[in-house]
Amino acid sequence: MKQYIILSVFIIAAGVGYSQQLQTSAMYEMQGVLHNPSMAGMQEQNMVGVSYRSQWNDISGAPKTITAFGSINLPKHQIGLGGYLYNDKTGPTSRTGVQLAMAKHIVMLTGNTLSLGIEARLMQYSLDKAKLVQTLGSDPVIGGSDNRMKFDAGFGISYTTPKFQVGASVSQLVQSKLDFYTGNLTRSEEGRLYRHYYLHANYKWKVDESTTITPNMMVIYLPNAPTDMIVGARVEHNSAFWWGLGYRARQSYMLSAGVHINKKITLGYSFEDYISPISTFDGNANGHELLLRYNWSKN
């Protein structure tokens, strides 16, 4: 029974960060539709990019995520398109998937924009049984197929002005089942893709002609897991380089920095210092994230 519980935790709750099934990022606000499909085409510029994130370094099986993302605006149709591809590995589990998003931009008389977005998701959830059989033996959870291909969907809404932006979204609305179990025991719980709810906001404070400070926050909620909150601020200088500070509630502090090269290429790096619970057992359990983005004009 102990073995069954351990593996169930891997299958149901394994993910990046605080038991989330969907990955997040220390630089989430620079990756378009990562958490909200209504953000497709809402960035200051069209962009494509890639990021690599590793967490809990020096711990075997720690999460590692590669994401390729993009977002473009079609102003003539008042539509934004976006999406991302990702591969996320945590111990014996692996998630590879694609998200495609489309947003309708409604320009208000004030010039502000209300955006409504939908997303479609396709994910392959894999379990490396070879890494588990030696320890768990013939546990019925790993008796079946080691791969599951699942479809899901989501919805988002956001409101953008020249100074601030606020949005909310929900992912994995369908809550597709992940049924790896092949035994005959009666189960009160079953593995599935649980809904993730997001609330995010930022405010642009132009300090002077060359400096802009952008405080930002995001709240992530899903059933049977602690509510996650990320707060921080990014400081931009002459649209040439930036640096930022962040805090993930009960988990870590973040420090990030980057440069904009000819207003076309953005390079970014984030360092995450975990304060709980991994740091209790391993003082070197830090996180690192690299970002490369290419930007071009919407016009």
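All heavy atoms count here, side chains included; hydrogens, waters and symmetry mates do not.
- Neither side chain, Tyr274 nor Asn286, offers a donor N or O lying under 3.5 Å from an acceptor on the other.
- Counting only N and O atoms by type, the side chains of Gln55 and His288 include no donor and acceptor under 3.5 Å apart.
- The OH atom of Tyr159 sits 5.5 Å away from the CE atom of Met108 when rounded to the nearest 0.5 Å.
- With 3.5 Å as the limit, one finds a donor-acceptor pair spanning the side chains of Gln165 and Thr160.
- In Lys204, the NZ atom is not crowded: 12 or fewer heavy atoms of neighbouring residues, nucleotides or ligands sit closer than 6.0 Å.
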Start with the C-alpha distance between Ser71 and Gln43, add both sets of side-chain angles, then the distance that settles side chain to side chain donor-acceptor pair (under 3.5 Å), and finish with yes or no. CA-CA 8 Å; Ser71 176; Gln43 288 71 41; 2.9 Å; yes
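- Under the 4.0 Å criterion applied to side-chain N and carboxylate O atoms, Lys64 and Asp88 are not assigned as salt-bridge partners.
- His200 and Asn36 form a side-chain donor-acceptor contact under 3.5 Å, judged by distance and modelled atom types alone.
- For Asp152 (side chain) and Val174 (main-chain N/O), a donor-acceptor pair under 3.5 Å exists by modelled atom type.
- The backbone N or O of Tyr194 lies less than 3.5 Å from a partner atom in the side chain of Gln172, making a donor-acceptor pair.
- Environment of NZ in Lys263: sparse, with no more than 12 heavy atoms of neighbouring residues, nucleotides or ligands closer than 6.0 Å.
- Under the 3.5 Å distance criterion, with hydrogens and angles disregarded, no donor-acceptor pair is assigned to the side chains of Ser169 and His35.
- At a cut-off of 3.5 Å, with distance as the only test, a side-chain donor of Thr266 or Asn295 sits close to an acceptor on the other residue.
- Between Asn202 and Thr214, the side chains place no donor N or O within less than 3.5 Å of an acceptor N or O (distance only, hydrogens not considered).
- At a cut-off of 3.5 Å, with distance as the only test, a side-chain donor of Ser25 or Gln31 sits close to an acceptor on the other residue.
- In this model, a donor atom of one side chain and an acceptor atom of the other lie less than 3.5 Å apart for Ser38 and Ser158.
- The hydrophobic cluster around Phe271 extends to Tyr269, Leu290, counting ILVMFWY residues whose side-chain heavy atoms fall within less than 4.5 Å of a member.
- Interatomic distance, CD1 of Ile220 versus NE2 of His196, reported as 7.5 Å (0.5 Å rounding).
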